[in-house]
Amino acid sequence: MTKEIERDVDEILLTEDVIQAKVRELAVQVSRDYQEEDLHLVAVLKGALIFLSDFSRALSIQATLDFMVVSSYEGLGNAGEVRILKDLSHSIRGRHVLLVEDIIDGGSTLSTVWKTLRIREPASLKVCTLLNKAGKRKVEVTPDYNGFVIPNRFVAGYGLDYHERYRDLPYIATLRKEVYEHF
Ligand code: IMP
Ligand code: MG
């Protein structure tokens, strides 16, 4: 079945099968690395929502989940400024935290969230990102678990949006240029 919004899709970069295989692969690695620990997953909403839900269910170990909402103000003269709109519900002190991200682009979001979490003294703090746009960094950040390195193009789907749309596509794609002309 095709959704109406799929007409806006230009090129599918990562199909549903390819994404799901990678999610399972990452889950195997993380399950193995954390088998002796209580894993606490922290996701940055909304982009990481879909990835987190598939990833957490693919783990063979137990994990607890918590969420943060951040916003960045790119293009408003504050490039790279990141604000926390919703903080975590639970303390991470002494916990083994894995920060789950949808995409690392310039690196500001991850870097800010990472620093915010680090000072709260978790037992460990690592990063798992589904997508990594290498070559576009403003701030250097290196994820511990890396799904796909993708070219420097705007993508949508599987949690990633363009003006809040396309998050509900099961694959990751570029959009037709006409789509960008509407906004
Ligand atoms: P960074 O702070 O520049 O690393 O940007 C990370 C955030 O920008 C992500 O959490 C996304 O919300 C957004 N973002 C970056 N690249 C894309 C993209 O290609 N598609 C959709 N959102 C993106
Ligand atoms: Mg976004």
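Keep in mind it's a predicted model, so treat the numbers as computed, not measured. Counting starts at 1 for both ligands and their atoms, in listed order.
When non-hydrogen atoms are compared, ligand 1 lies under 4.0 Å from the side chain of L160 (C-beta onward) but not from its backbone. At a heavy-atom distance under 4.0 Å, no atom of L110 approaches ligand 1.
A side-chain contact (heavy atoms from CB on, under 4.5 Å) with Y158 is found for one member of V23, L49, I103, L14 and no other, namely V23. Only one option out of L175, V179, D168 pairs with I5 in a side-chain contact (heavy atoms from CB on, under 4.5 Å); it is D168.
Of all non-hydrogen atoms in I92 and L117, the two that sit nearest each other are CD1-O, 3.5 Å.
Distances from atom 11 (C) of ligand 1 to the heavy atoms of L45, I172, I103, D105 put I103 nearest.
Under the 3.5 Å distance criterion, the side-chain polar atoms of D66 are matched with a main-chain donor or acceptor of S89. For S124 (side chain) and H96 (main-chain N/O), no donor-acceptor pair under 3.5 Å exists by modelled atom type.
Backbone and side-chain nitrogen or oxygen atoms of A156 are examined, and none is located within less than 3.5 angstrom of a nitrogen or oxygen of ligand 1. Here's the thing with V155: one of its N/O atoms is less than 3.5 angstrom from an N/O atom of ligand 1.
Under the 4.0 angstrom criterion for non-hydrogen atoms, D161 is in contact with ligand 1. Ligand 1 has G107 within reach: a non-hydrogen atom of the residue lies less than 4.0 Å from it.
Close approach of ligand 1 to K133 (heavy-atom distance below 4.0 Å) involves ligand atoms 16 (N), 17 (C), 18 (C), 19 (O). Those atoms of ligand 1 with a heavy atom of R153 less than 4.0 angstrom away are 19 (O). Counting atoms of ligand 1 from 1 in the listed order, those under 4.0 Å from a heavy atom of G106 are 1 (P), 3 (O), 4 (O).
Between the side chains of Y162 and D8, not a single donor N or O lies within less than 3.5 Å of an accepting N or O.
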Between R120 and D87, does a salt bridge (Lys or Arg N to Asp or Glu O under 4.0 Å) hold up when you go through it step by step?
CA-CA 12 Å; R120 298 179 189 183; D87 207 338; 2.8 Å; yes
